[in-house]
Amino acid sequence: MITRKDVQYIAHLSRIHLQESEVEKLTNDLEGILGYIEKLNKLNVSAVKPTSHVLPIENVFRQDIEKPSLNPKDIMKFSTDNDGKGSFKVPQVIE
Amino acid sequence: MKTYETVIGLEVHLQLDTRTKIFCGCVTHFGKDANSQTCPVCLGLPGSLPVLNQKVLEYGMKIGLALNCAINTFVKFDRKNYYYPDLPKAYQISQYDFPIAKKGSLTITTGEQTKKIGITRAHMEEDAGKLIHSPEIKCSLVDYNRTGIPLVEIVSEPDMRSSQEAYDYLTSLKLLMEYLDVSDCDMEKGSLRCDANVSIREAGNQEFGTKTELKNLNSFKAVKAAIDYEVARQIKMVEAGERIVQETRLWNDEKQMTFSMRSKEEAHDYRYFPEPDLVPFTITENDIEKVRKTLPEFPLEKLDRFIRQYQLSDYDANVLVQDKQLAKFFEDCVMQWNAPKKICNWITSVLKQELNKRKINISEMRLTSGYFVGLIKNVEEGVVSNLVGKEILTIMLDTGRTCMSIIEEKGLRQVSDDNALGAIIDTVLVENASIVEQIKGGKESAIGFLVGQAMKKTQGKANPKKIGELIKGRFQNG
Ligand SMILES: [Zn+2]
């Protein structure tokens with residue numbers, strides 16, 4: 001059972017600001033989705049191999065060999081704010 | 001009065017010593033210009049795709065095996081979600097339910113006691129970026145060079161019962177990792193970091209008390225001090241009838257206190273889910289055996305062998321084994337000259353002191369094992385005295401020259417010619433007539449003073465034993 005409180009909590013964790021009406025709608029939607037999952041849970045899947053990835057491949061590696069990095073000057077072009085010396089600038093976070 | 005038992009579990013993050021990051025080809029050098037070692041993958045730009053660095057899996061297996069863990073044959077990565085500017089993707093790629101290694105142990109030594117500490121698991125993950133807080137301009141600066149540097153997190157069972165055991169666990173773990181050559185384990189550079197979970201319970205109680213997680217522990221000493229502080233704080237609270245709150249507390253090294261970090265509590269809800277950008281990994285028995293074959297001799301094995309094979313004392317063997325390079329240098333020397341005890345003495349007493357004085361370690365010094373053996377041989381064979389030998393060592397360390405070339409250039413050959421020494425002793429006896437009278441009166445201990453005077457005159461080049469014998473001879477002959 002999904003409650004309004006659950007929705008507000010998840011929204012907060014995801015840093016999403018919801019209007020009252022949206023909370024209402026999402027509570028119903030999530031309830032529906034979880035209801036569907038409940039249905040799936042009831043199926044007999046003992047003959048189905050567990051999946052952890054949609055692609056049937058595994059063991060894809062790269063070697064420990066360096067590749068060129070980007071130039072900080074170019075990176076700063078898509079920062080909302082920076083210090084002019086290659087660092088991103090964000091609102092103060094205090095630990 | 002009640003007695004309490006301390007319960008400690010440690011989480012250690014180890015930066016792996018790979019050339020490149022865990023999921024991209026950016027290099028991992030420390031201390032470079034901000035964001036100069038970043039790319040679309042480690043910046044989390046849309047459309048970029050992480051690919052696992054094979055070396056990281058290999059190192060993860062090595063660490064697991066060294067900690068007596070079972071290696072999982074099925075391994076996958078998961079997203080750990082939280083919002084903080086040090087994470088460009090707003091999630092960290094980590095491992096949740098299928099880590100590389102689980103269920104192991106590490107043997108620690110506390111005083112005379114050895115104890116096995118359980119290892120819950122070891123998993124691979126990417127490091128986060130670095131934030132520099134700048135209160136005067138009310139902002140934080142973000143450098144993503146560290147983002148994506150490979151980490152292995154090693155989680156212990158809550159098996160430690162004192163801050164000293166925690167300290168010894170860290171020392172043993174660090175040494176083992178240095179032997180594995182998977183990390184430089186430098187706490188100052190942040191390549192080894194430690195968080196401590198601490199709780200107390202009444203002695204005899206089976207249930208655990210509420211734990212607090214201690215962070216910001218910047219040295220092994222800080223770990224020990226923070227645990228001691230925290231245990232005292234918790235006991236005081238329990239005695240006052242207060243409830244201990246499960247929380248993260250930050251150690252303040254200046255004030256030597258822990259402080260609550262209330263703001264981040266909700267952050268513990270990480271909503272892990274499988275990382276769809278990385279495929280899973282299967283590890284075969286064959287893969288594991290291949291890695292097992294590359295494992296070096298571990299510190300405890302080496303310790304046993306040094307005691308057995310070279311008949312060293314526990315103490316001496318331990319001094320050598322505590323430093324992998326030192327242990328190797330010792331064995332290099334012994335290979336060239338089979339005199340392990342003499343070589344060990346010179347290393348643990350004289351050489352180590354000199355290195356400490358110079359604040360360098362053995363791999364940084366300009367002295368080869370061959371030259372070092374040459375020096376000790378010259379002392380043993382009486383070519384130079386012990387004292388002069390020590391002086392020559394300092395010159396060798398400064399210049400990288402051979403012992404013989406220094407002896408010849410400075411004329412440091414030991415004077416053991418009886419006639420030459422006899423003349424020196426004559427002078428000393430005349431100059432110290434009153435002492436001579438005291439000795440004749442039965443105060444034999446004063447002979448040492450005369451030996452010292454004679455040594456001074458030869459500038460340490462004489463063999464003190466020889467001088468002692470010659471001086472004693474003078475008194476026996478009347
Ligand atoms: Zn990168």
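Chain letters run A, B, ... following the sequence lines, proteins first, then strands; residues in each count from 1.
- There is a side-chain donor-acceptor pair under 3.5 Å between A/E58 and B/T282.
- Of the inter-residue distances, the one linking B/C139 atom SG with A/D83 atom CG reads 8.0 Å to the nearest 0.5 angstrom.
- B/L57 touches chain A through its side chain: at least one heavy atom from C-beta onward sits under 4.5 Å away, while N, CA, C and O do not.
- With respect to chain B, the highest number of heavy-atom pairs below 4.5 Å among A/G86, A/S69, A/P68, A/S52 belongs to A/S69.
- B/P274 touches chain A through its side chain: at least one heavy atom from C-beta onward sits under 4.5 Å away, while N, CA, C and O do not.
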Go through the steps to decide whether B/L43 and A/L70 satisfy the test side-chain contact (heavy atoms from CB on, under 4.5 Å), and finish with yes or no. CA-CA 10 Å; B/L43 287 172; A/L70 296 171; 4.2 Å; yes
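- Atoms OG and CG, from A/S79 and B/N35 in turn, are 9.5 Å apart once rounded to the nearest 0.5 Å.
- Neither the backbone nor the side chain of B/C42 comes within contact range of chain A, judged by heavy atoms closer than 4.5 Å.
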One pair to check against side chain to side chain donor-acceptor pair (under 3.5 Å): A/Q92 and B/S140. What are the steps and the verdict? CA-CA 5 Å; A/Q92 189 172 9; B/S140 298; 5.9 Å; no
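- For B/K76, the part lying near chain A is the side chain, with the backbone staying farther off; criterion is any non-hydrogen pair under 4.5 Å.
- Contact of B/D33 with chain A is not made at all, since no heavy-atom distance falls under 4.5 Å.
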Between B/R19 and A/I65, does the side-chain contact (heavy atoms from CB on, under 4.5 Å) criterion hold? Intermediate values first, please. CA-CA 7 Å; B/R19 276 189 65 70; A/I65 295 167; over 6 Å; no
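- Remark: B/D269 CG to A/L13 CG distance equals 5.0 Å, nearest 0.5 Å.
- Contact of B/F23 with chain A is made through the backbone alone, with heavy-atom distances under 4.5 Å.
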Steps toward side-chain contact (heavy atoms from CB on, under 4.5 Å) verdict (A/R62, B/L52): CA-CA 6 Å; A/R62 45 172 282 273; B/L52 180 64; 6.0 Å; no
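- Note that the CG atom of A/D64 and the OG1 atom of B/T20 stand 3.5 Å from one another [nearest 0.5 Å].
- Looking at B/I283, there are no atoms closer than 4.5 Å to chain A (heavy atoms on both sides), in backbone or side chain.
- Contact count versus chain A (heavy atoms, under 4.5 Å) is highest, among B/R271, B/Q37, B/K55, for B/R271.
- Here the straight-line distance linking atom CG of B/L45 with atom CD1 of A/I75 works out to 8.0 Å at 0.5 Å rounding.
- Heavy-atom distances place no part of B/K215 under 4.5 Å from chain A, backbone and side chain included.
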Test log, rule side-chain contact (heavy atoms from CB on, under 4.5 Å), inputs A/F61 and B/V51: CA-CA 6 Å; A/F61 294 106; B/V51 184; 5.5 Å; no
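- Taking OG1 of B/T38 as the reference point, atom CZ of A/F88 lies at 7.0 Å (rounded to 0.5 Å).
- Side-chain contact check for A/S87 and B/D143: no donor-acceptor pair (N or O, by modelled atom type) lies under 3.5 Å.
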